[in-house]
Amino acid sequence: MLFHSWRKSLCNRGNFFPLIQLFALSHGHVSIFHSCASVPSKYPSFRKKPSVCKKRKVVIFREFKDVNSLNDAVCVFHQLVRKEPVPSVVELAKLLRVMINMKEYSVVISFFGEMRKLGIPFDDYILTIVMNSFCLLGCAENGFSILGVFFKSGVQFNVVTFSTLMRGLFEQNKIQDAMWLFRKLVKEKICKMDEVMFGTVMNGLCKQGHTQTALSLLRIMEQGDAKPNTVVYSIVVDALCKDQMVGAAFNLFNEMKRKGITPNVHTYSSLVDGLCKFDQWEEVRLLLDEMTHLNIFPNVHTFSMLVDAFCKKGMVEDAVEVLNVMIQKGEHPDVVTFNAIMEGYCLRGEIDVARRVLDSMIDIGVKCDIFSYNILVNGYCKQKKLDEAMHLYCEISQKGLKPDIVTYSTILQGLFEVGRVECSENLFTEMQNAGHSPDIYTCGIMLHGYLKNGHVERAMSLFHRWEKQKEDAYILIYNRGNDGFFKIQKLDKARSIFDKLYSVGLHPDVIRYNVTVNGLCIEGLVDEAKELLRKMEDNRCSPDNATSNLIVNGLLKSNKTNEAMTLLKEIIQRGFPADRVTMSLLIELLLLIGEGPFLLNMIPELHLRNEK
DNA sequence: ATAGGGTTAG
């Protein structure tokens, strides 16, 4: 349907396997994708700039093209550092850059250590690469220590140094620190702000959901020297689309066109993605036409987004048709494309088909990644086939991949779901031994899993351990808890409650208490919940709407309603805040347990509050 | 000219 005009049927519509077989055949041999990078793209906009470099540069390039493994890199490095009188910093920087591309961040750091030991000179480029390596390893703090090296060795830092650091901070969710640094840089004019710096900050903000702040930064840019360019516009356009504010995204998109800042394939892809989420297929088609007319061609990302969109809606046949089109247009599907297809099949419960997709992508030479496995593992977990999931988990290491925090979280959740608490605990330990500290999702899964299986004490002790370590974690755990404990079916409802909490500037303490009260109520541990409410007051941490909501919700779930009524009465009589949601639930509850008279008594009170 | 910015899993 969508690509009607584009289609020149290659095979049966929507059938993945014949398509891929044909594809492999038409490309002659199996591992076609290995040589992908060297195949010139048929689209003018993708054509690599002709390399008009001087002789010397070509030599260097060739030198590092041979560096394909860690071993090669180590050899070349040792060759370089032995050069007399001193190796060129440019060559060293190039090698280190290659290492970053190989994701060998810790090796970069140890190379640098060796260089210092040998007294080999380094410059701002090298230091920035090392700093970036620390950041990519998730240690922005150590990145700061490189700043010390700048000072000590008298190397001048610049905007690149700081944008690297900035990205590291955002990567670790340290928005406060990042914004503090940003303001300091601007205020004290420590370095000149350029487009990339703004882009980094805006992207970091957007990833954390602060799209409006990013937008206001864009407006600030208009006043300064670094004017907004295509990338910064695209970042905000993308964020708006992700926030489902496609209209606002299009306004910004039109604005940039008006100002003569030409959108590129990223910009268009984001908009396509945003429109897909709302089933605006006609608009998608128009947009694809528009970009093609401007000689901006959909690339593998654009196509993958379309594939993903169809798959998420269960329309795998249409997704495969997109795949067909992209192959015809000469864009090679990559691991992301195939992962989306796999997810599509998993969502329909056809995990075995997804598994075969994985096999056939390996056949045609596309390397699968940890995402591929996570998608399959999730598929099995959702069907409560935990043995199969565990089997895949073992396969991951056999394939030379490493399970990541998502793999572990997925299986943990699955194990809890089928009540295998001991297995979860073992895997949780295994995860930490493998060097993954639980993130926000894992925390939520563990807490929810324990509570669901009736281990309140274990949940609480975990929670108390975490709350000491992660100050910014409460809100999300709470959100998760709200979603999980009470099965508020609509996510947007849970979200709106959450947003409300956020907008009234709710103190983390309240959320912390709420989560606890919540767990206690579910278990019918009313006395303890009551005790906790008193403690809240003692600590001058006043309960809020959410507390009431949680308690009432919890009571509705709990079978020990009569016992719990005491607590509820106390809550109401003490005049704790409650909103309309609480009220309706409350009335429901009171009727349910035959507390009509109490309800009657409460009517004036309820009425009064509803007025407010 | 050797460094820094934008899409997919839980």
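The figures that follow rest on heavy atoms only: side chains count, while hydrogens, waters and symmetry mates do not.
Across B/dA3, B/dG5, B/dG10, the shortest atom-to-atom separation from the side chain of A/Glu343 is found for B/dG10. Listed nucleotides: B/dG10, B/dG6, B/dT2. Nearest to the side chain of A/Val231: B/dG6. With distances taken from any side-chain atom of A/Thr128 to the nucleotides B/dG4, B/dG10, B/dA3, the minimum falls on B/dA3. Comparing B/dT8, B/dA9, B/dG4 by their nearest atom to the side chain of A/Met197 picks out B/dG4. Closest to the side chain of A/Asp404, out of B/dT8, B/dA3, B/dA9, is B/dA9. Comparing atom distances between the A/Val160 side chain and each of B/dG6, B/dG4, B/dG10 picks out B/dG4 as nearest. Side chain of A/Ala93, nearest nucleotide from B/dA9, B/dT2, B/dG5: B/dT2. Taking every side-chain heavy atom of A/Asn229 into account, B/dG5 is the closest of B/dT8, B/dG4, B/dG5. For A/Val336, whose side chain is taken as the heavy atoms from C-beta onward, the closest listed nucleotide among B/dT8, B/dA3, B/dG6 is B/dT8. With B/dG10, B/dG6, B/dT2 as the choices, the nucleotide that has an atom nearest any side-chain atom of A/Thr442 turns out to be B/dG10.
Distance A/Phe182 CZ to B/dG4 P: 20 Å, rounded to the nearest Å. For A/Gln413 and B/dA9, the CD to C1' distance is 13 Å, given to the nearest whole Å. As rounded to whole Å, 19 Å separates atom P of B/dG10 from atom CZ of A/Phe416. Regarding A/Tyr125, its OH atom lies at a distance of 6 Å from the C1' atom of B/dT2, rounded to whole Å. In this structure, the CG atom of A/Asn339 is 12 Å from the P atom of B/dG10, given to the nearest Å. Rounded to whole Å, the distance from CG on A/Leu95 to P on B/dA3 is 12 Å. Atom CZ of A/Arg97 is separated from atom C1' of B/dA1 by 14 Å (rounded to the nearest Å). Distance OH (A/Tyr393) to P (B/dG10): 19 Å, rounded to an integer number of Å.
With hydrogens and angles ignored, no donor-acceptor pair under 3.5 angstrom links the side chain of A/Thr410 to the base of B/dG10. The base of B/dG10 sits with one of its N or O atoms less than 3.5 Å from a complementary donor or acceptor on the side chain of A/Ser409. Evaluation of atom-type donor-acceptor distances gives a pair under 3.5 Å for the side chain of A/Asn158 against the base of B/dA3. For B/dG4, its base sits under 3.5 Å from the side chain of A/Ser163 at one donor and acceptor pair at least.
Salt bridge status for A/Glu331 with A/Lys329: absent, with no side-chain N to carboxylate O gap under 4.0 Å. Ion pairing of A/Glu141 with A/Lys174 is present here, as a side-chain N (NZ or NE/NH1/NH2) and a carboxylate O approach within less than 4.0 Å.
Close to B/dA3, at under 4.0 Å from its OP1 or OP2, lies no side-chain N or O of A/Asn132. Close to B/dA9, at under 4.0 Å from its OP1 or OP2, lies a side-chain N or O of A/Lys312.
Results of the side-chain contact (heavy atoms from CB on, under 4.5 Å) test with A/Leu165 over A/Ile146, A/Thr128, A/Leu147 single out A/Leu147 as the only residue that passes.
Residue A/Asp225 places its CG atom among 12 or fewer non-hydrogen atoms of other residues, nucleotides or ligands, all under 6.0 Å distant.
Residue contacts shown for A/Val232 include a base, since a base heavy atom lies under 4.0 Å away. Among the protein residues, A/Ile405 comes within range of the nucleic acid bases, having at least one heavy atom under 4.0 Å from a base atom. Nucleic acid contact for A/Asp238: sugar-phosphate only, since backbone atoms but no base atoms lie under 4.0 Å from a heavy atom of the residue. Base contact: A/Glu195 has a heavy atom under 4.0 Å from a base atom. Note on A/Thr164: only backbone sugar-phosphate atoms sit closer than 4.0 angstrom, heavy atoms only; bases stay farther off. Among the protein residues, A/Asn264 comes within range of the nucleic acid bases, having at least one heavy atom under 4.0 Å from a base atom.
Residues A/Phe253 and A/Tyr233 place their aromatic rings such that the two centres sit no closer than 6.0 Å.
Contacts with DNA chain B (heavy atom under 4.0 Å) in residues 103-112 of chain A: none are found.
Scanning both residues, A/Met202 and A/Val236, for their nearest heavy atoms gives CE-CG2, 3.4 Å. Smallest separation of non-hydrogen atoms from A/Leu323 and A/Pro333: CD1-CB, 3.7 Å. Heavy-atom minimum distance, A/Ile100 versus A/Ser133: CD1-OG, 3.6 Å.
Looking at residues two or more places apart in sequence or on another chain, you find a side chain to side chain donor-acceptor pair (under 3.5 Å) between A/Lys184 and A/Glu188.
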